[in-house]
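Report on the structure given below.
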There are 2 protein chains.
Amino acid sequence: MTYEFYYWPHVQGRGEFVRLALEEAGADYVDVARVKGVEALKAAMAVESAEPPFAPPFLRVGKRLIGQTTNILLFLGDRHGLAPKSAAGRLWTNQIQLTIADFSLEAHDTHHPLGPRLSFAEQQAAAMTRADWFRSERIERFLAWFETLLARNPRGPGHLVGGRLTYADLALFQTVEGLRYAFPRAMARIEPAFPLVVALNARIAARPRIRAYLGSSRRIGFHERAGLFRYHPELDG
Amino acid sequence: MTYEFYYWPHVQGRGEFVRLALEEAGADYVDVARVKGVEALKAAMAVESAEPPFAPPFLRVGKRLIGQTTNILLFLGDRHGLAPKSAAGRLWTNQIQLTIADFSLEAHDTHHPLGPRLSFAEQQAAAMTRADWFRSERIERFLAWFETLLARNPRGPGHLVGGRLTYADLALFQTVEGLRYAFPRAMARIEPAFPLVVALNARIAARPRIRAYLGSSRRIGFHERAGLFRYHPELDG
């Protein structure tokens with residue numbers, strides 16, 4: 001069965017967490033709006049189903065549409081061995097993923113704290129205030145937590161959960177990559193204090209399927225026009 | 001077994017979604033920081049476990065600590081019949097809950113778009129810009145989605161999911177109550193367009209355990225000093 005994945009075609013955004021899981025799983029999927037254009041995404045959203053998604057990303061699995069990034073990952077984790085099989089392990093992985101979602105949303109809010117109706121230029125002063133808090137407190141607070149999880153993992157510091165890769169490892173990779181893009185100066189200062197996170201990131205990037213994906217045209221690049229992570233030098237302190 | 005629930009003692013906040021589920025379930029629980037003070041919360045957070053929560057709320061279940069509001073609800077939903085038993089039904093309920101979490105976080109961000117280091121007074125201008133977007137677009141967009149779910153529910157408009165109460169119904173109740181507190185003028189204008197949401201709210205408030213809880217000293221009131229929903233007349237348009 002081929003999954004149909006629906007997300008904005010020119011943006012990594014939240015959808016990238018799902019794309020990475022699909023790629024690592026070697027799943028058969030079509031990134032619909034990248035192939036057929038954004039109208040195909042809008043058409044799927046307009047279908048009057050009993051379980052409509054509120055917003056992209058969503059995944060069509062047979063007749064079902066599954067929405068919300070963390071929820072899609074919960075589904076894919078079970079289906080493709082990207083999460084533990086035990087109920088406790090699944091919940092713990094979901095808990096970590098929710099925290100990664102919080103972290104990446106806070107990164108987003110640095111460039112658009114007043115919402116999407118104003119351009120970055122129109123809210124730059126507010127963005128600088130919000131980014132200053134994020135750079136000076138939040139990045140380290142979150143990374144310290146992930147470093148702690150790796151250091152305390154009873155199965156060793158190779159993964160966030162147990163002894164095998166989970167979707168949470170992939171999502172942390174994406175977040176660290178995004179922070180390096182958006183806050184290069186801050187991350188150069190901060191990340192040496194978190195060697196286990198840095199090492200995990202390097203291992204994820206070197207996984208064969210991830211490496212092939214990152215080098216392919218399927219991987220959309222980071223850019224400052226859209227997405228969770230945008231580079232504005234003014235926000236990098 | 002008695003659950004130990006950990007959250008800030010003077011705030012509804014994200015913790016209130018968990019409190020409502022525990023109350024509706026008739027679960028045996030202690031709201032630890034309300035009984036023993038905030039030091040007991042800090043002590044629990046300082047324990048060097050392999051699965052430490054990033055932030056409150058969290059729930060102690062035997063030796064485990066389960067964190068992240070949506071994740072705690074996923075756990076309680078299974079344990080206490082507050083979610084469907086089928087895998088598809090559980091995911092759909094989780095998807096709705098994640099959307100309620102997004103909605104309530106956006107309500108929070110109206111009063112503190114620049115983060116918690118500045119007081120409301122210090123960021124009032126930014127807050128007014130953000131709140132204007134929330135009031136004029138976002139409240140209706142979210143409520144319209146919930147109204148649609150109720151209207152299209154194959155089991156009727158009595159609940160968001162299937163024919164029985166789920167934790168998502170309780171969380172939507174809490175969010176609507178919070179919006180009525182924080183944006184009384186805007187909600188008086190907006191909510192008549194969403195009669196199924198309004199009717200669900202009234203039914204939740206009338207459930208015996210919820211009614212008893214709301215009338216008890218266990219229910220912390222809304223206030224403007226902390227929490228997701230705060231009343232500042234300047235933000236109500």
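As a basis for the values below, the full set of heavy atoms in this structure was taken, side chains included, without hydrogen atoms, waters or symmetry mates. Small disclaimer: the values here were computed from a predicted structure and weren't measured. Residue numbers begin at 1 in each chain, while the letters A, B, ... track the order of the sequences.
Counting heavy-atom pairs under 4.5 Å between each of A:T69, A:D132, A:N153 and chain B puts A:D132 at the top. When the candidates A:Q97, A:Q123, A:R64 are compared by the number of heavy-atom contacts under 4.5 Å with chain B, A:R64 comes out ahead. Most heavy-atom pairs under 4.5 Å with chain B, from the set A:A87, A:G115, A:P154, A:S49: that is A:S49. Note on A:P116, A:A131, A:A55, A:A126: by heavy-atom pairs under 4.5 Å with chain B, the leading option is A:P116. Contact tally against chain B (heavy-atom pairs below 4.5 Å) for A:L114, A:V61, A:D102, A:L149: the top residue is A:L114. Taking B:P53, B:A50, B:P52 one by one and counting their heavy-atom pairs under 4.5 Å with chain A, the maximum is reached by B:P52.
Applying side chain to side chain contact (heavy atoms under 4.5 Å, CB included) to A:N71 and the options B:T93, B:L74, B:N94 leaves one that passes, B:N94. Shown are B:I96, B:T70, B:T99; of these, the side chain to side chain contact (heavy atoms under 4.5 Å, CB included) with A:Q68 is made only by B:T99.
Environment of CZ in B:R155: sparse, with no more than 12 heavy atoms of neighbouring residues, nucleotides or ligands closer than 6.0 Å. Remark: B:R152 CZ is packed, more than 12 non-hydrogen atoms of other residues, nucleotides or ligands lying under 6.0 Å away. The number of heavy-atom neighbours closer than 6.0 Å to CZ of A:R14, taken from other residues, nucleotides and ligands shown, is 12 or below. In the displayed structure, B:R189 atom CZ is contacted under 6.0 Å by more than 12 heavy atoms of other residues, nucleotides or ligands.
Both the backbone and the side chain of B:W133 come within less than 4.5 Å of a heavy atom of chain A. At a 4.5 Å heavy-atom cutoff, the contact between A:A88 and chain B is made by backbone and side-chain atoms alike. Residue contact with chain A, scored on non-hydrogen atoms closer than 4.5 Å, is absent for B:I72. Contacts between A:L160 and chain B at a heavy-atom distance below 4.5 Å are absent for every atom of the residue. Heavy atoms of B:R141 lying under 4.5 Å from chain A belong to its backbone as well as its side chain. Neither the backbone nor the side chain of B:L150 comes within contact range of chain A; no heavy atoms are under 4.5 Å apart.
Ring geometry for B:F142 versus A:F54: interplanar angle under 30°, hence parallel rather than tilted (30 to 60°).
A salt bridge links A:R117 to B:E137: at least one charged side-chain nitrogen sits closer than 4.0 Å to a carboxylate oxygen.
The CG atom of B:L105 sits 6.0 Å away from atom CG of A:L105, with the distance rounded to the nearest 0.5 Å. Atom-to-atom distance recorded for A:Q95:CD and B:F58:CZ is 10.0 Å, nearest 0.5 angstrom. Taking CZ of A:R130 as the reference point, atom CG of B:D109 lies at 6.0 Å (rounded to 0.5 Å).
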